S.K.: 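Below is the structure I would like to discuss, written out as structure tokens.
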Amino acid sequence: MGTVRMTQVTALVMRAVAAGHVYGFDVMEACALPSGTAYPALRRLEKAGLLRSSWEDADEAHALGRPARRTYHLTREGRTAMPQVEAKLAEARRLLGDLPGAPTGEA
Amino acid sequence: MGLRDAWIRLVSQLVPHDERAEWVREWRAELTVSGQGMAHAWGAVSDAWYLRTEGWTMDGMARDIRTAVRGLIRRPFFTALAGITLAVGIGANTAIFSVVDGVLLNPLPFPHSERLVSYNHEAPGLGINVPLIPHSEASYLYYSEHARSIEALTVFTETNVNLVGDGDPQRISAMYATHEYFTVLQRQPLVGRAFVEGDDVHGAEPVVILSEGLWQRRYGRDPSVLGQLLDIDGVMRRVVGVMPSGVSILSEEAWLAMQIDRTAAEAGSFSYIGAARLAEGATVEMADTEMHELLLRFAESSPDQFPEGALEEAGLDSDVKLLKEVFVEDIRPVLWVLLGTVGIVLLVACANVANLFLVRAEGRMREQAVRTAMGASRADMVRQYLTESVTLAAGAGLLGLALGSSGVRGLLTMVPAELPQALDIGIDGSVLLFTAVISLVSGLLFGVVPTLGYGRRDLSLELKDGNRSSTGGRSQLRARSVLVVAQVALALVLLVGSGLMLRSFHALRSVDPGFDTEGLLSFQVGLPSAEYGSPERTIDFHRQLEERLAAIPGAELVGAINGLPLTGAKSASPMEPADRPFGEDELAPIVEHRRVTPGYFATMSIPIVEGRSLEWSDQATEFLGVVVSQALARALWPGESPIGRGIRRAGGEQAWEIVGVAGDVRFDGIEDDPLPMLYEPLVRGTAEAPDLATSMDVVVKLSGDPLAAVQPAREAVRSIDPRIPIILPRTVESIVSDSMQATSFTVLLLGIAAGIALLLGTVGIYGVIAYVVSRRTAEIGVRMALGAPASLVLRRVVGQGAVLIGIGLGVGLIGSWALSRALASLLYGVTATDPLTFAGTAVILATVSLAATYLPARRAARIDPVEALRTE
């Protein structure tokens, strides 16, 4: 467990996970980030204790005809860090205009 | 599917071991589900790299480097030995690479130099060894007018001229060039103007442009020199401009506008080198194709110069190539071979340093065991080793850079080619990058060796057992054995290479050039044509010079020629027998012709095999006698005596009578067959329009040291005409050895490289065998206590070394066989796979390396069993 400096990338990833994107590739697509950027951000956030990951049940996944996937969720620390995330994103929006990956509807 | 899996498996090697399984599982699942093939697969590399480097903070790295430096300082002998070994290897590579970079890789320093081309002809069918067939005045005018794929064409020729004026007369190198010269190079003058159209027209005022160097040296950068008249070879030329330094493509210090009479352009003598600038969008191939077409039309339009079929027979064709090629094509193979050679030296150096590191790793086993016990992971230990080796390599790289940059300067004085001065050779960005990369790579290379097999070893044994873990010893021994094999193999490759070069050198040395060099001094004199324009004055000068030189103590014979053998002088025309003119479809041989004084043949010990030599009484415009070489006699009158027959320029009117036949001389290069030669008197032409030799190489045969006669020779010339300098006094011996410079240069450097490799290799073998003996002291002691004779112990230890050496020699022979082809173009009188050289060098290497195993083996045989067991 450590600390993480909130950057636009980590903030985007946090918001995507908070919005219910649980798989790495979904987060990546929701943020419109390349996989080589999204994954290291996930790793950093997990190490900092803002996210935790777990594996889906293999049998259930196979029943759906696919391999089990790793899922990412907010931890309690993650949830308390959400205002920071929104602040970071608001600041970025002010500087750069609309950002991708905003939650679309209620997820 | 398969590709994706293989990719993920490959990339996963980067991921730290404990996270790898999950990492593979996650990426496989995501890629499978996303179904997007390889689109996102690249990101896996960043992800894996992130995981690998997560723990690498700047802090951590600084700490590692500090530890490494401390460790290195604690062992100054080890550090100095390893560092110097590496620095020599890196320095040699830096020096050679900066020459390769400056000469082969960098473009010529002119704007858009990729459009600068050599625009000349080739004629492989003539069987003469010239890199290119240049232009005549007529061909230059023809191409200039018709070629569309080039912006501008210039022709030029380099010459030495006497510059007379205030102060001493001076001999300088100058370029005769047409007015497009600076247009083609795209260079602007520092002051004044460049050549303009009209400067090169017959009858225009003769002009000269000075180089910045000459302007500085002789005129102290005085701008008022512009507009002045200078006496250059007896012609008054007006100074119109000064060109900045870096414009000289050879070593010329002045440019003289060449004047061409456009109504009577000479067509027969091809003596001006052509250079052109490609038109926008044109390629070298386009220019070459166009030139080929133009050449055919030019030949049709001047049938007297090109008899039908001559083009085909000579294989005369266009030859357009990048201008730079002309300068570098001779030296290219030499440089690549040398770069390969120093690369091998660096590998041998790395192998040696790896060996030192292994020895050291051994000494540190306890330390490592303690650290492991305290929780250091294998990765930590490997990182520490690599930090240490890379830190050492970085230090060695800096030292190597210093060695290399001073080496470059030495190297450039030896480089066997006329390199354009404009080429910028030295340490620049790409050389720095190269040195940094080879330092890093060598650091990793020798640093990784001691870590191989590391961690598979049970280090707790080390703690219990002191230094006696036999398992650890075995994997170390294997690594060191591999190093020995590699060192022997690499050393053999270099020894074979230098052996082949040495044999070529020897073969060249034993070639008979056709003349004797002993006691010969040569120097050049140039007579200003304005004052020495008459046959009488020229002949008078040379007769007087001969008399005065002959009066020098020790002088035996004196002669002169306009262009000594092996000096690169060229002056050739096609010749034919006067009594049997060549038909339309026959090609006259290209004959080198020289003016000689009567004493030339005797002074050079060139035999007159038939007829007589030239006499002073022959030196007159009305005398039409010449001497031919045996090769020319054979070519024109095979099996017959040429004496009394007539010879003339192909298609010419005037015929000369052959009065003598001289022995063959190697003119072009010591490795090239003798050329057909024609020797004429100093004076030719008619009494009204005499054709005189102005610049002559004088040769004096002396009984003592030739160079001791330089000063008396200078005084002799001065006593006749104080304005005439003597140029380039040197022994004829040195001319011959200079002509072998490419070979001797390669021999020298390969020899040094092979010597270093042999030394390092021997030290490596000695180290390994000594190590084996020290590890087995106890065992050997027991054997001897049980009655094994010393001779058996000796045999067994030497045998162990012999096996490694044998394998190394085998690998080395195969490697040499594969690599020696690269040398083929540099060899003379020996093939690239010469069995004698291969066998000989293998025997030498085997002997030296067996001697290296013998010393520790003898120590083993003298082990006192009691002593050995006591140490246990």
Side-chain angles (χ1 to χ4, degrees), chain A residues 1-5 7-10 12-14 16-17 20-73 100-101, chain B residues 1-64 375-377 379-380 383:
Chain A
M1 200 165 288
T3 53
V4 67
R5 202 168 60 84
T7 65
Q8 282 166 40
V9 170
T10 46
L12 278 171
V13 169
M14 281 292 284
V17 175
H21 298 284
V22 295
Y23 305 121
F25 268 40
D26 286 4
V27 171
M28 169 187 100
E29 271 160 21
C31 303
L33 287 171
S35 55
T37 308
Y39 263 99
L42 283 169
R43 311 274 181 231
R44 249 198 326 270
L45 290 166
E46 187 177 3
K47 193 140 260 185
L50 300 183
L51 298 180
R52 68 184 154 75
S53 68
S54 53
W55 285 88
E56 292 180 327
D57 188 78
D59 293 337
E60 280 174 27
H62 284 167
L64 293 168
R66 59 176 178 79
R69 300 174 73 179
R70 196 175 194 162
T71 60
Y72 295 85
H73 301 279
Chain B
M1 197 58 160
L3 177 66
R4 218 161 52 200
D5 272 5
W7 171 250
I8 291 300
R9 248 198 322 276
L10 179 72
V11 176
S12 73
Q13 295 306 308
L14 268 175
V15 178
H17 192 262
D18 48 348
E19 295 171 77
R20 196 172 296 160
E22 284 212 329
W23 184 89
V24 170
R25 194 170 158 211
E26 176 174 15
W27 272 94
R28 270 199 190 147
E30 295 300 317
L31 287 171
T32 308
V33 173
S34 81
Q36 287 181 34
M38 295 292 287
H40 291 297
W42 289 115
V45 182
S46 309
D47 187 23
W49 182 247
Y50 171 79
L51 290 171
R52 161 61 60 189
T53 58
E54 217 175 11
W56 295 4
T57 58
M58 284 318 274
D59 260 13
M61 211 181 281
R63 199 176 50 234
D64 281 347
S377 71
D380 287 337
R383 196 171 73 207

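Please read all numbers here as calculations on a predicted model, not as lab measurements. First the proteins, then the strands, lettered A, B, ... as listed; each starts at 1.
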S.K.: Nearest 0.5 Å, please: how far is CZ in R66(A) from CD in E56(A)?
M.R.: 4.0 Å
S.K.: Under 4.5 Å heavy-atom distance to chain B, tell me which part of P40(A) shows up: side chain, backbone, both or neither.
M.R.: both
S.K.: Roughly how far apart are R4(B) CZ and T32(B) OG1, rounded to 0.5 Å?
M.R.: 5.0 Å
S.K.: Please state whether the side chain, the backbone, both or neither of A68(A) comes within less than 4.5 Å of a heavy atom of chain B.
M.R.: both
S.K.: Measure the CZ-CH2 distance between F25(A) and W27(B) for me, rounded to the nearest 0.5 Å.
M.R.: 4.5 Å
S.K.: Using the rule given for salt bridge (charged side-chain N to carboxylate O under 4.0 Å, His left out), can you reason through K47(A) versus E19(B), listing the C-alpha separation, both sets of side-chain angles and the distance that settles it, and then say yes or no?
M.R.: CA-CA 13 Å; K47(A) 193 140 260 185; E19(B) 295 171 77; 5.3 Å; no
S.K.: Of all of S53(A), A41(A), G36(A), which one pairs up most often with chain B through heavy atoms under 4.5 Å apart?
M.R.: G36(A)
